[in-house]
Amino acid sequence: MKIKLNKNLFKKIALALTGVAVLAGAVFGVKAIVDYTKNDLKKITPTFEVGNLGSDGKFVDDESTLYTKEAFGCYGLQVKPDFDSTVNYQIFYYDILDNYISSTEVLSEGYSGEAPVNGAYARIVIEPRDDEDGKISLTERIKYPSQLTLKVKKNQDINERFCSFSGKLMQVVFDKDSLLFSKNLWFDPTTMTWINNPVCCVTSSTILKVQGGSTLTFDVSSLSESYSAAWMRIYQFKDIPLDENMIIEGFGATVDSSFVLNKSTKYIMIAVDSGSSSANWSDDVISKLPSCFSITKSK
């Protein structure tokens, strides 16, 4: 698959991915994407070939199914089937480096959904269920794809929606409720490396786009009393690529309830320390973290 990317943006990723902690929550989608109008979407017609995709998202030799060999940008994906027989399909998601992330369940009805975090591209498998000979004929190779209407957002914004930081691939989100946090993960700004901290720490596994000069408020009152000592650390970036645009001043820990971002800041990453080894970061608590933040734009 040929994917055109900003080379500076990902020049370190191949080396840094090895030995770096894998982000948690990769199979979960971010906050619901707004409904697109007809003018926002375009119809695509990817080429289907005989074959299948396995549980690892890789090609499997199978004469009874069709699949898209080349992945396609899946931002705003909508699928409308109109098969004249019983046919299922399944969507497989991949990151910008064509690494498999996850897949949907087997589908038969229309689909309009979000990709999982870091899901930039997709492939589709078509599976006829009542084919008599169990093989895709030349006619069926043309017929079934023509009965599946695929639409995606016109502008995929790949280089604006995905980035890397110290070798970790991360998706850019545009509201604080879309922040996802990974437990036991911490970033050390002195060594510019990721650290596995199994006790107190969580770090956002998505990068939040913000307005410079905004005020970020942190309020843990919605959490249990055991998290009352929690504090946050803000990592600020002037632009993408993040590695080349980190703002050193102001990145440190803060115990204040609010923090004013640098006027040049466009993106932030947030880390939270529970302040106590007895305060475990359960999945339920982590899911509530975005609600502990509020951002007031500068005037």
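In what follows, residues are counted from 1 in the order of the sequence shown.
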Task: Which residues share a salt bridge (charged side-chain N to carboxylate O under 4.0 Å, His left out) with Arg129, sequence neighbours left out - done: Glu127
TODO: Could you list the residues that satisfy salt bridge (charged side-chain N to carboxylate O under 4.0 Å, His left out) with Lys135, not counting sequence neighbours?
DONE: Glu63
Task: Test salt bridge (charged side-chain N to carboxylate O under 4.0 Å, His left out) applied to Asp283 - qualifying residues, sequence neighbours left out - done: Lys183
TODO: State which residues pass ring-ring contact (aromatic ring centres under 6.0 Å, His included) with Phe83; sequence neighbours excluded, sorted by chain then number.
DONE: none
Open item on the list: Checking Tyr111 now: which residues fulfil side-chain hydrogen bond (donor to acceptor under 3.5 Å, both in side chains) with it, not counting sequence neighbours?
Closed with: Tyr93
TODO: Not counting sequence neighbours, which residues clear salt bridge (charged side-chain N to carboxylate O under 4.0 Å, His left out) with Glu160? List them please.
DONE: none
Task: Any residue meeting side-chain hydrogen bond (donor to acceptor under 3.5 Å, both in side chains) with Asp188, in chain and number order, not counting sequence neighbours - done: Thr190, Thr191
Task: With sequence neighbours excluded, residues passing side chain to side chain contact (heavy atoms under 4.5 Å, CB included) with Ser112 - done: Gln78
Which side-chain N or O atoms in residues 44-52 pair as donor and acceptor under 3.5 Å with protein atoms at least two apart or in another chain?
{"residue": "Asn52", "atom": "ND2", "partner": "Asp62", "partner atom": "OD2", "Å": "3.2"}

Open item on the list: I need the full list of ring-ring contact (aromatic ring centres under 6.0 Å, His included) pairs touching residues 199-228, with sequence neighbours left out, sorted by first then second residue.
Closed with: Phe218-Phe293, Tyr227-Trp281
Open item on the list: Suppose we screen for side-chain hydrogen bond (donor to acceptor under 3.5 Å, both in side chains). Which residues come up paired with Asp284, at least two apart in sequence or across chains?
Closed with: Lys288
TODO: Output all residues satisfying side-chain hydrogen bond (donor to acceptor under 3.5 Å, both in side chains) with Ser298, sequence neighbours left out; order by chain, then residue number.
DONE: Gln211
